[in-house]
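First comes the structure, then the notes that go with it.
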Amino acid sequence: MIVSVHIPKTAGSSFRQSLQKIFNSQVLLDYDNIWMPKNPVIRNFKQFVLNNPSFPPNKLIINSKYKVIHGHFYANKYKNISKEVKLITFFRDPIDRVVSNYLYIQKNPFFIQPTQLNNSMYQAVRNNQMNLKDFSELEAERNLYSNYLGGVGIDNFTFIGLTEAYEDSIKLFSKIFGIELDLLFINKGKGSSGGTKDYYSLIKDLGFYSDIVESQKENQLIYDQAKRKFEQLCNQYL
């Protein structure tokens, strides 16, 4: 069972589409606990729960129907779902990621669920009442990577990808799993190669550089570990 942890704003949506092209209906998407678009194509986890009232996970049912679980959940959620769980995820330069997340919330209100519209943080970002510096200092943003790891160490991941090296990451995944995953959905906006420089320039222009670097220091430590793991895997497989 491949368990794919989609950390927000790390190219996880592009990766999801590539996984679905290969595995089709054998991908179980778990976006039930965190805001996501209402598109039913990417929210089948809720329907799965409705169809299987014995959930928390009925291992036999999930393992008989699915080969991949992908979504916004912590890495320890499905640790016992199968005897052989292959954990995978993507990481992204933390400053690049936090700026991208801020701009995403600010510019894409149609992706927010109605229950989120009364959330003071979302309202503040969307109404320009919370600046990028203050957003980056929120606990959820400062400790995002450690939260998503859920106590699981980087070395317990079979595959680590980097948003900044998305093409090489797809090649690495294909090599590790023996699956020819197509490079069909590269994100061409900020966050693909070259995006980091744009975001670093932005925060320097705003005068927030040192503040945001400080706010992301814990994420940076984990990102550095993930980057080393990615480089080790590339040396081993590519």
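Side-chain atoms are counted along with the backbone in the values below, which use heavy atoms only and exclude waters and symmetry mates.
When side chains are defined from C-beta on, Ile179 does not count as touching Ser174, because their heavy atoms never get closer than 4.5 Å. Within the 4.5 Å cutoff, the side chain of Tyr104 has no heavy atoms near those of the Pro8 side chain. Within the 4.5 Å cutoff, no side-chain heavy atoms of Ile2 are placed close to those of Tyr66.
Of all heavy-atom pairs spanning Leu103 and Leu202, the tightest one is CD1-CD2, 4.5 Å. Phe230 approaches Ile160 most closely through the heavy-atom pair CD1-O, 3.2 Å. In terms of heavy-atom proximity, Glu164 sits nearest to Arg92 at OE2-CG, 3.3 Å. The shortest non-hydrogen separation linking Ser136 to Glu141 is O-CB, 3.9 Å.
Here the two rings, on Tyr166 and Phe90, have centers that are under 6.0 Å apart. The aromatic ring centroids of Phe15 and Phe173 lie less than 6.0 Å from each other. In this structure, the ring of His6 has its center no less than 6.0 angstrom from the ring center of Phe73. A distance of 6.0 Å or more separates the ring centres of Tyr223 and Tyr145.
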TODO: Mind running side-chain contact (heavy atoms from CB on, under 4.5 Å) on Lys59 and Asn80 for me, showing each step along the way?
DONE: CA-CA 8 Å; Lys59 298 178 185 179; Asn80 296 319; 4.0 Å; yes

- [ ] Go through Leu132 and Ile203 one step at a time and tell me if the side-chain contact (heavy atoms from CB on, under 4.5 Å) criterion holds.
- [x] CA-CA 8 Å; Leu132 178 56; Ile203 63 174; 3.6 Å; yes

Task: Pair Asn147-Tyr74, side-chain contact (heavy atoms from CB on, under 4.5 Å): steps then yes or no - done: CA-CA 7 Å; Asn147 288 339; Tyr74 296 163; 4.1 Å; yes

TODO: Just do the side chain to side chain donor-acceptor pair (under 3.5 Å) check on Tyr102 and Asn131 with the steps written out, would you?
DONE: CA-CA 9 Å; Tyr102 178 82; Asn131 65 26; over 6 Å; no

Task: Check against side-chain contact (heavy atoms from CB on, under 4.5 Å), Ile95 and Tyr200 - done: CA-CA 8 Å; Ile95 293 177; Tyr200 272 75; 3.4 Å; yes

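At least one donor-acceptor pair under 3.5 Å links the side chain of Asn235 to the backbone N or O of Glu231. Side-chain atoms of Asp30 never come within 3.5 Å of backbone atoms of His70 as a donor-acceptor pair (strictly under, hydrogens ignored). Looking only at distances, a side-chain donor or acceptor of Ser18 sits under 3.5 Å from a matching main-chain atom of Asp182.
The distance from atom NZ of Lys229 to atom OG1 of Thr89, rounded to the nearest 0.5 Å, is 13.0 Å. Note that the CZ atom of Phe135 and the CD1 atom of Ile105 stand 4.0 Å from one another [nearest 0.5 Å]. Atoms CG and CG, on Leu149 and Asn76 in that order, are 9.5 Å from each other to the nearest 0.5 Å.
For the residue pair Asn219 and Gln216, a side-chain donor N or O sits within less than 3.5 Å of a side-chain acceptor on the partner. Side-chain N/O atoms of Arg228 and Gln232 include no donor and acceptor closer than 3.5 Å. There is no side-chain donor-acceptor pair under 3.5 Å between Asn24 and Gln20.
Environment of NZ in Lys175: sparse, with no more than 12 heavy atoms of neighbouring residues, nucleotides or ligands closer than 6.0 Å.
Judged by the 6.0 Å distance and 45° axis criteria, Lys204 is positioned over the aromatic ring of Tyr209.
Remark: Glu137 pairs with Lys133 by the salt bridge (charged side-chain N to carboxylate O under 4.0 Å, His left out) rule, at least two apart or across chains.
Glu84 and Lys86 are joined by a salt bridge, as a carboxylate oxygen and a charged side-chain nitrogen come within less than 4.0 angstrom of each other. A salt bridge does not link Lys9 to Asp96: none of the charged nitrogens lies less than 4.0 Å from a carboxylate oxygen.
For residues 206-226, the salt bridge (charged side-chain N to carboxylate O under 4.0 Å, His left out) pairs, not counting sequence neighbours, are Glu214-Lys217.
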